[in-house]
Amino acid sequence: MMSSSSSTSLTVAAALLLLCVSMMISGSTGQLSANYYGHTCSTVATIVQNQIQTALQTDPRIGASLLRLHFHDCFIQGCDASILLDDSATIQSEKNAIPNINSVRGYEVIDNIKSAVESACPGVVSCADILALAAEIGVNLAGGPSWTVQLGRRDSTTANQSLANTTMPAPNDSLTDLKSKFSDRNMNTNDLVTLSGAHTFGRARCLSFSYRLYNFNGTGNPDPTLNTTYLQTLQQLCPQGGNGSVLANLDPTTSNGFDYHYYSNLQLNQGLLQSDQELFPTSNADTISIVNGYSRDNNSFFNSFGQSMIKMGNLSPLTGSQGEIRLNCRQVN
Ligand code: HEM
Ligand SMILES: *[C@@H]1O[C@H](CO)[C@@H](O)[C@H](O)[C@H]1NC(C)=O
Ligand SMILES: *[C@@H]1O[C@H](CO)[C@@H](O)[C@H](O)[C@H]1NC(C)=O
Ligand SMILES: *[C@@H]1O[C@H](CO)[C@@H](O)[C@H](O)[C@H]1NC(C)=O
Ligand SMILES: *[C@@H]1O[C@H](CO)[C@@H](O)[C@H](O)[C@H]1NC(C)=O
Ligand SMILES: *[C@@H]1O[C@H](CO)[C@@H](O)[C@H](O)[C@H]1NC(C)=O
Ligand SMILES: *[C@@H]1O[C@H](CO)[C@@H](O)[C@H](O)[C@H]1NC(C)=O
């Protein structure tokens with residue numbers, strides 16, 4: 001006969017094994033899981049995809065904009081849809097923070113997705129999860145990788161404009177600044193180089209880089225790291241004292257496609273933002289070999305991109321009874 005204590009420990013061992021196996025099956029990382037809405041809103045990914053496909057018909061840039069929304073959400077208070085909250089009596093909106101105002105876009109498409117999701121499964125799916133799904137689908141529909149989106153985030157009841165003002169990476173940040181802003185979120189150098197590959201599609205305004213074109217850092221000359229042929233193109237698009245809201249393609253070669261050309265652009269000194277070219281400086285840096293690796297092998301970039309996106313998507317999610325499921329992504333319930 002088995003003693004009761006050894007049968008108890010067997011039961012515990014079996015329960016632990018079952019837990020491990022079920023976690024592997026559901027593909028969960030941390031507190032989130034891939035099949036979170038399996039019983040409550042199994043069509044959510046299809047609904048998001050249909051809405052993005054509709055938006056793409058009139059706006060080839062929207063996939064890029066949705067990816068950026070998720071990034072700017074996750075870096076401030078974690079992936080909690082804080083970026084979607086409008087100004088109100090209790091909210092100083094992150095939308096009006098320096099890195100976001102007149103720049104981050106796609107809010108109306110998120111509203112449309114949320115309405116469609118609410119019609120199918122009322123009160124179930126968070127705005128934070130919609131952002132995570134929209135980022136993956138936006139990338140994939142542009143020819144990029146797919147990855148297993150982890151779900152189960154809840155929505156914040158707060159936003160933090162000052163944090164967005166001061167801690168988002170800026171286009172004029174040095175490599176040291178970029179690394180430290182990423183490591184503050186437990187994102188490493190590999191994540192920095194990999195996720196910067198998001199600048200393989202979408203646009204930037206002249207005002208985000210025109211300081212490189214004429215009198216860079218008071219030198220009276222353009223940024224010497226900028227390819228001279230590319231410089232001329234950019235000077236035509238963004239004349240000195242011109243309209244800072246004019247848009248340039250972040251990737252001059254394949255502007256709407258998600259591919260690995262971002263990295264070969266850097267090798268040709270055609271990084272649009274200073275923060276892009278910082279990853280491939282003329283001096284030694286640990287980022288150079290990562291750029292060279294990705295420029296040779298689209299599969300390794302695509303695989304890493306999915307992994308780093310899952311890692312970013314895991315930044316401080318609200319789970320369990322934290323936060324709420326917003327009914328309207330723009331306001332707390
Ligand atoms: C590494 C630090 C980063 C900096 C300094 C940076 C900065 C910028 C800037 C300045 C723009 C153009 C904004 C404008 O002029 O209106 C931009 C656009 C964009 N960024 Fe980043 N970014 C960074 C990382 C990322 C990451 C990690 C992602 C996503 C994973 C991302 C995705 C995008 C996309 C897709 C666009 C184009 C958006 C559109 O066309 O609407 N960026 N970024
Ligand atoms: C924003 O974040 C900062 C730094 O974590 C904190 O000191 C401040 O209280 C927060 N503000 C709001 C409005 O939550
Ligand atoms: C964020 O920056 C903007 C623009 O400089 C400024 O108007 C706003 O007051 C700042 N917000 C906070 C909370 O510091
Ligand atoms: C980047 O530009 C902003 C706005 O012009 C400026 O306030 C900031 O000091 C600059 N940062 C760096 C690192 O040069
Ligand atoms: C500046 O450019 C933007 C984007 O092309 C355009 O919407 C806006 O009307 C322009 N502003 C002026 C003053 O020309
Ligand atoms: C500048 O870009 C052109 C392509 O437009 C390329 O042929 C050339 O090698 C680049 N120059 C440098 C120094 O990277
Ligand atoms: C990516 O690599 C695979 C094989 O390694 C190749 O079949 C495919 O055409 C490549 N795609 C691009 C866009 O270069």
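Whatever order the structure lists ligands and atoms in, that order sets their numbers, starting from 1. Quick note: residue numbers are just sequence positions, from 1.
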Trainee: Identify the closest protein heavy atom to atom 39 (C) of ligand 1: which residue and atom is it, and at what distance?
Mentor: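 Here the closest protein heavy atom is Arg61 NE, 3.3 Å.
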Trainee: Check ligand 1 against Gly202 and write out every atom of the ligand that is under 4.0 Å from a heavy-atom position of the residue.
Mentor: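 Once the distances to Gly202 are compared, the set is 37 (C), 40 (O).
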Trainee: Indicate the atoms forming the closest heavy-atom contact of Thr287 with Glu278, along with that distance.
Mentor: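 Heavy atoms only, the tightest pair is OG1-O, 4.3 Å.
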Trainee: So, applying side chain to side chain contact (heavy atoms under 4.5 Å, CB included) with Leu32, which one of Thr319, Ile310, Leu151 is it?
Mentor: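 Single pass found, and it is Thr319.
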Trainee: Is Asn102 touching ligand 1 with its side chain, its backbone, both, or neither, if touching means heavy atoms under 4.0 Å apart?
Mentor: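 Within the 4.0 Å criterion, Asn102 makes no contact with ligand 1.
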Trainee: Starting from atom 24 (C) of ligand 1, find the nearest protein heavy-atom neighbour and note its residue, name and distance.
Mentor: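 Closest protein heavy atom to atom 24 (C) of ligand 1: Phe71 CE2, 3.4 Å.
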Trainee: What do the steps show when you test Thr225 against Gln277 for side-chain hydrogen bond (donor to acceptor under 3.5 Å, both in side chains), and what is the final call?
Mentor: CA-CA 8 Å; Thr225 66; Gln277 200 61 51; 5.8 Å; no
Trainee: Closest heavy-atom contact between Leu266 and Asp276?
Mentor: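 Nearest pair, atom of Leu266 first, then Asp276: CD2-O, 3.6 Å.
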Trainee: Does Leu207 approach ligand 1 within less than 4.0 angstrom via side chain, backbone, both or neither, non-hydrogen atoms only?
Mentor: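 None of Leu207 does.
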Trainee: For a ring pair (Phe, Tyr, Trp, His ring centres under 6.0 Å) check, start with the C-alpha distance between Phe258 and Phe305, then their side-chain angles and the critical distance, and finish with the verdict.
Mentor: CA-CA 11 Å; Phe258 194 103; Phe305 192 80; 4.9 Å; yes
Trainee: Tell me, do Arg326 and Leu84 make a side-chain contact under 4.5 Å, heavy atoms counted?
Mentor: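 A side-chain contact exists here, since the closest heavy-atom pair is under 4.5 Å.
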Trainee: Take every heavy atom of Phe182, measure it against each atom of ligand 1, and state whether any distance is under 4.0 Å.
Mentor: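 The answer is yes, since Phe182 has a heavy atom less than 4.0 Å from ligand 1.
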Trainee: List every atom of ligand 1 that sits less than 4.0 Å from any heavy atom of Leu192, numbering the atoms from 1 in the order shown and giving each element.
Mentor: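 It comes down to these atoms of ligand 1: 1 (C).
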Trainee: Which atoms of ligand 1 sit under 4.0 Å from any heavy atom of Pro169?
Mentor: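 Those qualifying, in numeric order: 2 (C), 3 (C), 5 (C).
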Trainee: Determine the minimum heavy-atom distance between Asp129 and Tyr37, stating which atoms define it.
Mentor: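 Between these two residues, the closest heavy atoms are OD2-OH, 2.5 Å.
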Trainee: When you measure from the side chain of Lys181 to the backbone N and O of Thr167, does any donor-acceptor pair fall under 3.5 Å?
Mentor: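 No, the answer is negative, given that no donor and acceptor are paired below the 3.5 Å cut-off.
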Trainee: Taking 4.0 Å as the limit for heavy-atom contacts, which would you say applies to Ser208 with ligand 1: side chain only, backbone only, both, or neither?
Mentor: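 Side chain only.
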Trainee: Quick one: nearest non-hydrogen protein atom to atom 4 (C) of ligand 5, plus distance?
Mentor: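 Minimum-distance protein heavy atom for atom 4 (C) of ligand 5 reads Ser245 O, 3.6 Å.
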Trainee: Please report whether atom 14 (O) of ligand 5 has a protein non-hydrogen atom at a separation of less than 4.0 Å.
Mentor: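 So atom 14 (O) of ligand 5 has protein heavy-atom neighbours under 4.0 Å.
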Trainee: Which of the numbered atoms in ligand 1 are under 4.0 angstrom from any heavy atom belonging to Leu178?
Mentor: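 With Leu178 as reference, the close atoms of ligand 1 come out as 2 (C).
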Trainee: If the cut-off is 4.0 Å to any non-hydrogen atom of Ser103, which atoms of ligand 1 fall inside it?
Mentor: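 Those qualifying, in numeric order: 13 (C), 14 (C), 16 (O).
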Trainee: Side chain, backbone, both or neither: which applies to Ser275 and ligand 1 if a contact is any heavy-atom pair less than 4.0 Å apart?
Mentor: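 Ser275 to ligand 1: side-chain contact only, backbone stays beyond 4.0 Å.
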Trainee: Using a plain distance cutoff, I'd like to know if Arg203 has any nitrogen or oxygen under 3.5 Å from a nitrogen or oxygen of ligand 1.
Mentor: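 Yes - when backbone and side-chain N and O of Arg203 are compared with those of ligand 1, one distance drops under 3.5 Å.
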Trainee: Flag yes if more than 12 heavy atoms outside Asn284 fall under 6.0 Å of its CG atom; otherwise flag no.
Mentor: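 Not buried by this count: 12 neighbours or fewer within 6.0 Å.
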Trainee: For ligand 2, find out whether one of its N or O atoms is nearer than 3.5 Å to an N or O atom of Asn160.
Mentor: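 Between Asn160 and ligand 2, an N or O pair is found under 3.5 Å apart.
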Trainee: Indicate, as side chain, backbone, both or neither, the part of Val104 found under 4.0 angstrom from ligand 1 when only non-hydrogen atoms are considered.
Mentor: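 Answer for Val104: neither.
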Trainee: Of all the atoms in ligand 1, which lie at a distance below 4.0 Å from a heavy atom belonging to Leu250?
Mentor: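 Taking each heavy atom of Leu250 in turn, ligand 1 has 18 (C), 19 (C), 36 (C), 37 (C) under 4.0 Å.
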Trainee: Give the residue and atom name of whichever protein heavy atom lies nearest to atom 19 (C) of ligand 1, and the separation in Å to one decimal.
Mentor: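 Looking only at protein heavy atoms, the one closest to atom 19 (C) of ligand 1 is Arg68 CD, 3.2 Å.
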Trainee: To check your reading of the model: name the closest protein heavy atom to atom 7 (C) of ligand 1, its residue, and the distance in Å.
Mentor: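 For atom 7 (C) of ligand 1, the nearest protein heavy atom is Leu273 CD1, 3.8 Å.
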Trainee: Starting from atom 32 (C) of ligand 1, what is the nearest protein heavy atom, named by residue and atom, and what distance separates them?
Mentor: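 For atom 32 (C) of ligand 1, the nearest protein heavy atom comes out as Ala198 CB, 3.6 Å.
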Trainee: Determine whether any heavy atom of Leu163 lies closer than 4.0 Å to an atom of ligand 2.
Mentor: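 Within the 4.0 Å threshold, so yes.
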Trainee: Would you kindly specify which portion of His199 sits under 4.0 Å from ligand 1, judged on non-hydrogen atoms: side chain, backbone, both or neither?
Mentor: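 For His199, the contact with ligand 1 is made by the side chain alone.
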Trainee: State plainly whether the residues Asp73 and Arg153 are in salt-bridge range, i.e. N to O under 4.0 Å.
Mentor: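 Not counted as a salt bridge, because no side-chain N and carboxylate O are separated by less than 4.0 Å.
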Trainee: For Ser196, take its heavy atoms, then give the atoms of ligand 1 lying under 4.0 Å from any of them.
Mentor: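 Listed by number with element, the hits are 1 (C).
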Trainee: Can you tell which part of Ala170 has a heavy atom less than 4.0 Å from ligand 1: side chain, backbone, both or neither?
Mentor: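 Only the backbone of Ala170 comes within reach of ligand 1.
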Trainee: Any sub-3.5 Å donor-acceptor pair from Glu324's side-chain atoms to Asn333's backbone N or O?
Mentor: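 Confirmed, Glu324 side chain pairs with Asn333 backbone.
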Trainee: Between CG of Asn292 and OH of Tyr294, what distance do you get to the nearest 0.5 Å?
Mentor: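 Reported to 0.5 Å precision, the distance equals 12.0 Å.
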Trainee: What residue and atom, counting heavy atoms only, is the protein's closest point to atom 12 (C) of ligand 1, and at what distance?
Mentor: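 Scanning the protein heavy atoms, the shortest distance from atom 12 (C) of ligand 1 goes to Ala204 CB, 3.5 Å.
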Trainee: Looking at every non-hydrogen atom in both residues, tell me the closest pair between Arg205 and Asn102 and how far apart they are.
Mentor: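 Shortest heavy-atom separation between Arg205 and Asn102 comes out as NH1-O, 3.4 Å.
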Trainee: Checking contacts now, so for atom 9 (O) of ligand 2, which I'm interested in, is there any protein heavy atom under 4.0 Å?
Mentor: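 No; the ligand atom in question lacks any protein heavy-atom contact below 4.0 Å.
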Trainee: Does Gln331 offer a backbone N or O that forms a donor-acceptor pair with the side chain of Asp86 under 3.5 Å?
Mentor: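 No; judged by distance alone, with no hydrogens or angles, the pair does not exist.
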Trainee: Among all protein heavy atoms, pick the one closest to atom 41 (O) of ligand 1 and tell me residue, atom and distance.
Mentor: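 Result for atom 41 (O) of ligand 1: Ser65 OG, 2.6 Å.
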Trainee: Need the ligand 5 atom indices (1-based, order shown) with element for anything under 4.0 Å from a heavy-atom of Asn243.
Mentor: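 Counting from 1, the qualifying ligand atoms are 1 (C), 2 (O), 3 (C), 8 (C), 10 (C), 11 (N), 12 (C), 14 (O).
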Trainee: Between Met312 and Leu195, what is the shortest heavy-atom contact and its length?
Mentor: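 Closest pair (atom of Met312, atom of Leu195, distance): SD-CD1, 3.9 Å.
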Trainee: Hey, what do you get for CZ (Arg212) to CG (Asp223), rounding to the nearest 0.5 Å?
Mentor: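 The CZ atom of Arg212 sits 4.5 Å away from the CG atom of Asp223.
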Trainee: For atom 35 (C) of ligand 1, find the nearest protein heavy atom and state the residue, atom name and distance (0.1 Å precision).
Mentor: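 Going atom by atom, the protein heavy atom closest to atom 35 (C) of ligand 1 ends up being Ala64 O, 3.1 Å.
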Trainee: Between Met187 and Met168, is there a shared hydrophobic cluster once you connect ILVMFWY residues whose side-chain heavy atoms come closer than 4.5 Å?
Mentor: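 Yes: a chain of side-chain contacts under 4.5 Å links Met187 to Met168.
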Trainee: Could you walk me through whether Phe182 and Phe75 pass the ring pair (Phe, Tyr, Trp, His ring centres under 6.0 Å) check?
Mentor: CA-CA 9 Å; Phe182 269 65; Phe75 263 50; 5.0 Å; yes
Trainee: Test your reading of the structure: does Arg105 have an N or O sitting under 3.5 Å from an N or O of ligand 1?
Mentor: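 N/O-N/O distance under 3.5 Å: no.
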